Amino acid sequence: MAEAGSVNVGRGREEKEPEGLSQESAPTGTTISRVKLFDTMVDTFLQKLVASGSYRRFTDCYKRFYQLQPEMTQRIYDKFITQLQTSIRDEISEIKEEGNLEAVLNALDVIVEEGKDRREPAWRPSGIPEKDLRSTLVPYFLQQRDALQRRVQKQEAENRQLADAVLAGRRQVEELQLQVQARQQAWQSALSC
């Protein structure tokens, strides 16, 4: 960050606030929390936004109004910049609250600090990504394959039972049809006599 201070525009003059935190200004060996870094980034953004939307540009857009009432134009510009900064800060604060951003960034700081003391790799024990990925995923996929094979075997057994039941049902239907035909013939022969 080239400059982390912010510019406040009020009553026609620009004032510099004291410089915020930046990576360059931090003493060696210390770290800046990500929350403070994020806040500094927002302040820098607002500073650059205000600088790019200068009073001169504002008056160029509203030239006739500025020529008629320069004091009113200055007050409108000041109010606009103040409300713009407030609105942006409120939106950023709302996003930070909704996403629990502060807690997440602090947790990330803690993880990074804990990781600094480690000498061994945290997530790639062999140092070869393909091998580490394989060593993690292959057992998982084998487990999934075994589970799917068990499901298939169970389903096949159930299907065999259902097929046997269907065949038994067909045999019963055939036997009943034969019995019906035999009784029908017996009844017809009894009637014809």
Side-chain angles (χ1 to χ4, degrees), residues 1-137 140-141 144:
M1 288 178 207
E3 187 174 270
S6 63
V7 175
N8 278 343
V9 178
R11 295 195 175 94
R13 65 182 190 278
E14 292 185 352
E15 301 171 3
K16 278 234 175 206
E17 287 185 350
E19 283 207 3
L21 298 172
S22 69
Q23 290 288 11
E24 293 87 22
S25 65
T28 308
T30 62
T31 58
I32 299 170
S33 81
R34 282 172 170 73
V35 174
K36 289 181 182 176
L37 197 58
F38 181 77
D39 290 339
T40 302
M41 182 184 68
V42 170
D43 289 340
T44 303
F45 165 74
L46 287 174
Q47 172 191 355
K48 290 182 179 184
L49 179 68
V50 169
S52 68
S54 67
Y55 180 66
R56 184 185 56 78
R57 282 186 171 179
F58 187 80
T59 57
D60 286 347
C61 291
Y62 301 102
K63 223 174 240 181
R64 292 197 186 265
F65 187 72
Y66 173 69
Q67 290 168 351
L68 293 173
Q69 296 184 344
E71 300 85 20
M72 179 65 80
T73 308
Q74 179 66 48
R75 286 196 302 262
I76 291 171
Y77 173 76
D78 292 344
K79 185 73 172 172
F80 171 74
I81 292 297
T82 303
Q83 286 183 347
L84 180 65
Q85 287 177 327
T86 302
S87 174
I88 290 173
R89 287 182 197 274
D90 290 346
E91 287 289 325
I92 296 290
S93 296
E94 189 175 315
I95 290 170
K96 283 170 69 174
E97 288 171 13
E98 284 178 6
N100 200 14
L101 193 60
E102 227 170 284
V104 170
L105 290 175
N106 287 333
L108 182 59
D109 285 339
V110 169
I111 291 170
V112 168
E113 286 300 317
E114 289 173 356
K116 285 182 180 179
D117 297 335
R118 281 192 182 161
R119 294 293 170 222
E120 73 280 348
W123 60 279
R124 290 197 333 206
S126 73
I128 303 169
E130 294 85 8
K131 184 178 177 183
D132 294 330
L133 187 63
R134 237 181 282 121
S135 69
T136 303
L137 291 179
Y140 171 75
F141 286 139
Q144 291 298 314

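Please read these numbers as outputs of a predicted model, since none were measured by experiment.
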Take F58 and I81 through the test side-chain contact (heavy atoms from CB on, under 4.5 Å) and record every step on the way to the result.
CA-CA 11 Å; F58 187 80; I81 292 297; over 6 Å; no
Return the orientation label for the Y55 and Y66 ring planes: parallel under 30°, perpendicular over 60°, tilted otherwise.
perpendicular
Considering all heavy atoms, the nearest D78-T82 contact
O-OG1, 2.8 Å
Nearest heavy-atom pair of Q85 and V50: which atoms, and what distance?
NE2-CG2, 3.3 Å
Distance in Å, [X] [atom1] paired with [Y] [atom2], rounded so as to fall on 0.5 Å steps:
X: T73; Y: L68; atom1: OG1; atom2: CG; value: 8.5 Å
X: R134; Y: I128; atom1: CZ; atom2: CD1; value: 8.5 Å
X: E71; Y: I76; atom1: CD; atom2: CD1; value: 11.5 Å
X: R34; Y: D39; atom1: CZ; atom2: CG; value: 14.0 Å
X: F141; Y: T136; atom1: CZ; atom2: OG1; value: 11.0 Å
X: S135; Y: E130; atom1: OG; atom2: CD; value: 11.5 Å

With D60, which of R57, R64, R56 fulfils salt bridge (charged side-chain N to carboxylate O under 4.0 Å, His left out)?
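Of the listed options, the one satisfying the test is R56.
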Are the side chain of S54 and the backbone of A51 linked by a donor-acceptor contact shorter than 3.5 Å?
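Judged by distance alone, no pair lies under 3.5 Å.
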Ion pair check, R89 and D43, cut-off under 4.0 Å:
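D43 and R89: salt-bridged.
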With a cut-off of 6.0 Å (strictly less than), are more than 12 heavy atoms of other residues, nucleotides or ligands near OH of Y62?
no
Could you give me the CA-CA distance, side-chain angles and deciding distance for V35 and L101, then say whether side-chain contact (heavy atoms from CB on, under 4.5 Å) is met?
CA-CA 8 Å; V35 174; L101 193 60; over 6 Å; no
Worked check of side-chain contact (heavy atoms from CB on, under 4.5 Å) between T59 and Y77:
CA-CA 9 Å; T59 57; Y77 173 76; over 6 Å; no
Please determine which of E98, K96, E97 meets the side-chain contact (heavy atoms from CB on, under 4.5 Å) test together with E94.
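Considering E98, K96, E97, a side-chain contact (heavy atoms from CB on, under 4.5 Å) with E94 is found only for E98.
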Between E102 and N106, do the side chains contain an N or O donor and an N or O acceptor separated by less than 3.5 Å?
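The answer is no; no qualifying pair exists.
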Is the closest side-chain heavy-atom distance between L37 and L105 below 4.5 Å?
no
